[in-house]
Amino acid sequence: MTETSASATNGPDVPAARERARLSFDLDVDIAIVGAGLAGLTVALEAARLGASVAVLEGRHVGWNASGHQLGTVMPGYGLPIGDLIARIGFEDARELWALSKQGAEYVRATASEQSMPGMALSEGALEVSNVDAGDQLISRLQMLGEDFETEVEGWQVDRVRAELKTDRYFHGVYYPKAFQVDGRKYVHGLAALARRAGARIFEDTPVVSVDSSGIRKRIVTPSARLRASHIVLAGNIHLGATLPRLSETLLPVWRYGAVTAPLGGRLAEAMTFQGSVADSDGIDHFRIVDGDRLMWASPETTWAARPERFAPAIARRIRTIFPKLGRVEIAETWGGAIGQTVHGMPQIGQLRRGLWVASGFGRQGLNTSAMAGQLIARSILWGDERWRLFSPFELVWAGGPTGRVAGHLIGMWGRGSSAAAGALARYRERMRTKERIHEARLAEANRQAGTRPPRPSRPRPPPGRPHAQRPAAPPTNTADAEGPPP
Ligand SMILES: Cc1cc2nc3c(=O)[nH]c(=O)nc-3n(C[C@H](O)[C@H](O)[C@H](O)COP(=O)(O)OP(=O)(O)OC[C@H]3O[C@@H](n4cnc5c(N)ncnc54)[C@H](O)[C@@H]3O)c2cc1C
């Protein structure tokens with residue numbers, strides 16, 4: 001993978017290369033973990049806290065990939081929409097999985113507390129905005145989340161969304177008051193520090209070359225040492241590659257790029273006052289204010305590794321498209337990371353064979369889900385907690401190898417294109433509705449002055465023998481939306 005931004009790799013949070021410990025001697029442990037991202041480090045921390053001897057083997061350095069380059073938004077849920085989750089596994093299991101995802105978010109909050117990770121700059125609230133005017137869908141989603149899945153949510157009308165985000169790109173919103181933001185880079189290094197303190201050993205610059213999981217004691221080979229363990233946890237995301245090619249091929253790698261602007265001063269308030277994170281419901285843009293007057297923004301994606309700097313102009317254009325009032329913005333820093341997408345949209349959590357575990361495929365929502373995975377796996381190994389089996393319906397499905405990447409890219413482009421088209425259509429309809437309202441108001445005024453009234457539209461009669469159909473309750477959207485588009 002291409003290295004990410006200079007400050008991300010050499011900044012104050014990241015230990016310099018000379019300080020990194022490489023595994024150079026043979027070692028025997030209870031649990032060996034491949035990968036020092038969010039997933040591997042959470043398993044390490046939890047297993048060490050429960051008294052196991054733990055070694056983490058990381059090919060580069062802590063947080064090298066996505067885990068060190070995320071936006072820090074912590075929300076309940078998964079990449080798979082809640083309706084699809086219910087359709088796939090039924091209501092009761094979906095509720096349990098949702099509850100686990102909430103516990104994952106709570107775990108991050110507790111772990112990132114001021115006592116254990118000082119200076120995490122925690123901020124509250126996340127807003128999911130729709131770029132089409134689908135108020136009725138929003139209502140049913142709110143009901144399901146609030147009543148059936150016991151998640152605190154608020155429905156925001158278009159006016160409320162646009163009071164905080166001054167753009168006509170977004171319509172309704174779902175506000176999660178219990179969601180929050182952490183400093184993503186600090187969090188992953190904080191996890192490593194806590195895991196070390198709990199007794200886990202973390203070896204960087206130590207790529208795992210091969211894994212033999214056949215015996216009771218499993219074996220791992222690295223370039224300069226061997227390791228034996230009763231349990232191996234594969235938390236290498238898409239970079240496991242040749243070590244376990246069949247497992248790697250169940251993930252579609254997607255590189256996502258992020259940036260932070262130069263300070264925007266007072267003009268930022270003319271575009272946005274909302275202090276939590278914002279994500280659109282199509283998963284295209286994800287942003288928030290950092291350092292008081294900068295925007296942190298993630299948007300473009302590719303299915304191949306590219307230099308993040310290349311995307312600075314694209315991100316600047318994207319910011320301007322959403323917030324034209326901001327005018328030109330200067331990008332101060334860019335970065336990127338690869339996420340692993342599964343075919344079904346749910347993470348891979350569980351035991352592949354006796355003593356061989358996987359914690360991967362967290363997609364764009366990795367903070368709460370990897371926290372949950374870390375707890376589930378550590379507790380299963382050490383306490384016999386079997387709740388990871390709730391993920392069994394989501395098997396390892398081949399993601400298509402190189403052909404899958406091309407298909408994934410085309411599907412991604414199509415998805416973005418069609419959602420941009422849907423957004424344009426929604427804005428067009430809104431303009432037309434405004435024109436229509438002005439037209440109707442003028443007509444009413446003209447009729448009033450002339451003392452005439454427009455003819456009443458005739459109501460269709462119900463067919464004989466059928467009761468009058470109940471008019472469905474209008475969704476509590478603004479009147480324009482409830483009326484629907486003009487003919
Ligand atoms: C731009 C961007 C923004 C994001 N924003 C958010 C957000 O706001 N909220 C959220 O919840 N999620 C977000 N995500 C998603 C989140 O970052 C990921 O889901 C999560 O970091 C995945 O963690 P991981 O531990 O599975 O993988 P990784 O971070 O990829 O860690 C895996 C590690 O394993 C190592 N490894 C692999 N193979 C080997 C081997 N053979 N030997 C040794 N080591 C190996 C790799 O070097 C790597 O360090 C974002 C992602 C990106 C890219």
Side-chain angles (χ1 to χ4, degrees), residues 1 4-5 8 23 32-44 56-79 101 104-105 108 126 179-185 187-188 191-192 202-211 220-223 233-245 247-248 251 253-259 277-279 283 286-288 296-302 308 311 315 334-341 347-349 358-374:
M1 179 188 144
T4 48
S5 77
L23 182 65
I33 297 160
V34 184
L38 291 169
L41 291 169
T42 315
V43 181
V56 181
L57 307 177
E58 164 56 51
R60 309 283 183 117
H61 58 78
V62 165
W64 167 71
N65 182 37
S67 299
H69 301 96
Q70 24 90 11
L71 261 58
T73 305
V74 190
M75 294 182 66
Y78 301 90
S101 83
V108 179
F180 59 98
Q181 285 69 232
V182 294
D183 181 325
R185 292 177 193 171
Y187 181 72
V188 70
L191 271 182
I202 301 173
F203 300 98
E204 296 174 283
D205 294 330
T206 304
V208 168
V209 179
S210 72
V211 170
I220 283 181
V221 177
T222 73
V233 182
L234 303 168
N237 193 4
I238 65 140
H239 292 102
L240 268 184
T243 321
L244 284 145
L247 180 60
S248 307
L251 290 179
V254 175
W255 278 263
R256 192 161 169 80
Y257 303 93
S277 357
V278 182
H286 175 193
F287 53 90
R288 65 187 178 102
M296 188 189 258
W297 197 288
S299 185
E301 287 181 352
T302 58
F311 296 97
I315 295 178
T334 49
W335 61 85
I339 52 178
Q341 298 271 39
Q348 302 169 331
I349 299 172
V358 62
S360 229
F362 298 103
R364 294 188 192 126
Q365 200 166 337
L367 272 158
N368 68 319
T369 49
S370 64
M372 169 196 69

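Counting starts at 1 for both ligands and their atoms, in listed order.
One N or O on the side chain of S67 and one on the backbone of L38 form a donor-acceptor pair closer than 3.5 Å.
Between atom 29 (O) of ligand 1 and the options G37, S67, A371, the minimum heavy-atom separation is to S67. Considering each of G363, G374, S370, the one bringing a non-hydrogen atom nearest atom 16 (C) of ligand 1 is G363. The closest heavy-atom contact to atom 5 (N) of ligand 1, among the options V182, L71, V208, comes from L71. Nearest residue to atom 47 (O) of ligand 1 from E58, M75, R60 is E58 (criterion: closest heavy atom).
For ligand 1, the atoms sitting less than 4.0 Å from at least one non-hydrogen atom of V34 are 39 (C), 40 (C), 42 (N), 43 (C), numbered in the order shown with element in parentheses. Interface of T73 with ligand 1, defined as ligand atoms under 4.0 Å from a residue heavy atom, comprises 7 (C), 8 (O), 9 (N), 10 (C), 11 (O). For ligand 1, the atoms closer than 4.0 angstrom to any heavy atom of L57 are 43 (C), 44 (N). The atoms of ligand 1 that sit less than 4.0 Å from any heavy atom of H286 are 7 (C), 8 (O). Distances below 4.0 Å separate heavy atoms of N65 from the following atoms of ligand 1: 28 (P), 30 (O). Less than 4.0 angstrom separates some heavy atom of T206 from each of these atoms of ligand 1: 43 (C). The ligand atoms of ligand 1 that sit less than 4.0 angstrom from a heavy atom of G72 are 7 (C), 8 (O). Close approach of ligand 1 to F362 is summarised as follows: ligand atoms under 4.0 Å from at least one heavy atom of the residue are 19 (O), 26 (O).
For the pair G337 and ligand 1, the shortest N or O to N or O distance does not fall below 3.5 Å. Geometrically, ligand 1 and G366 share a nitrogen or oxygen pair separated by less than 3.5 Å. For ligand 1, the polar-atom distance check finds no N/O of G336 at less than 3.5 Å from any of the ligand's N/O atoms. Considering both main-chain and side-chain atoms, P207 never comes within under 3.5 Å of ligand 1 through any nitrogen or oxygen pair. Below 3.5 Å of separation, one finds no N or O of A298 facing any N or O of ligand 1. Polar contact check, Y257 against ligand 1: no nitrogen or oxygen pair lies under 3.5 Å apart. The shortest N/O to N/O separation between A359 and ligand 1 does not fall below 3.5 Å.
Protein heavy atom at the shortest distance from atom 12 (N) of ligand 1 is R364 O, 2.8 Å. At the shortest separation from atom 38 (N) of ligand 1 among protein heavy atoms lies H239 O, 3.2 Å. The protein heavy-atom contact nearest to atom 51 (C) of ligand 1 is I339 CG2, 3.7 Å. The protein heavy atom nearest to atom 52 (C) of ligand 1 is H69 O, 3.9 Å. For atom 6 (C) of ligand 1, the nearest protein heavy atom (residue, atom name, distance) is Q70 CB, 3.5 Å. Protein heavy atom nearest atom 34 (O) of ligand 1, with residue, atom name and distance: G35 CA, 3.1 Å. Counting only heavy atoms of the protein, atom 43 (C) of ligand 1 lies nearest to G59 N, 3.0 Å. Among protein heavy atoms, the minimum distance from atom 11 (O) of ligand 1 is reached at L367 N, 2.8 Å.
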Can you list the steps and then say if N368 with M75 is a side-chain contact (heavy atoms from CB on, under 4.5 Å)? CA-CA 7 Å; N368 68 319; M75 294 182 66; 5.9 Å; no

Apply side-chain contact (heavy atoms from CB on, under 4.5 Å) to the pair H61 and D205, showing each step before the final yes or no. CA-CA 6 Å; H61 58 78; D205 294 330; 5.5 Å; no

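Stacking of R185 on the aromatic ring of W335 is recorded, both the 6.0 Å distance cut-off and the 45° axial limit being met.
Qualifying side chain to side chain donor-acceptor pair (under 3.5 Å) partners for T369, counting only residues two or more places apart in sequence or in other chains: none. Legend: residues meeting side chain to side chain donor-acceptor pair (under 3.5 Å) with Y257, ordered by chain and number and at least two apart, are T302.
H239 and W64 have their aromatic ring centers within a separation under 6.0 angstrom.
When heavy-atom distances to ligand 1 are checked against a 4.0 Å cut-off, A235 comes that close only through its backbone atoms N, CA, C and O.
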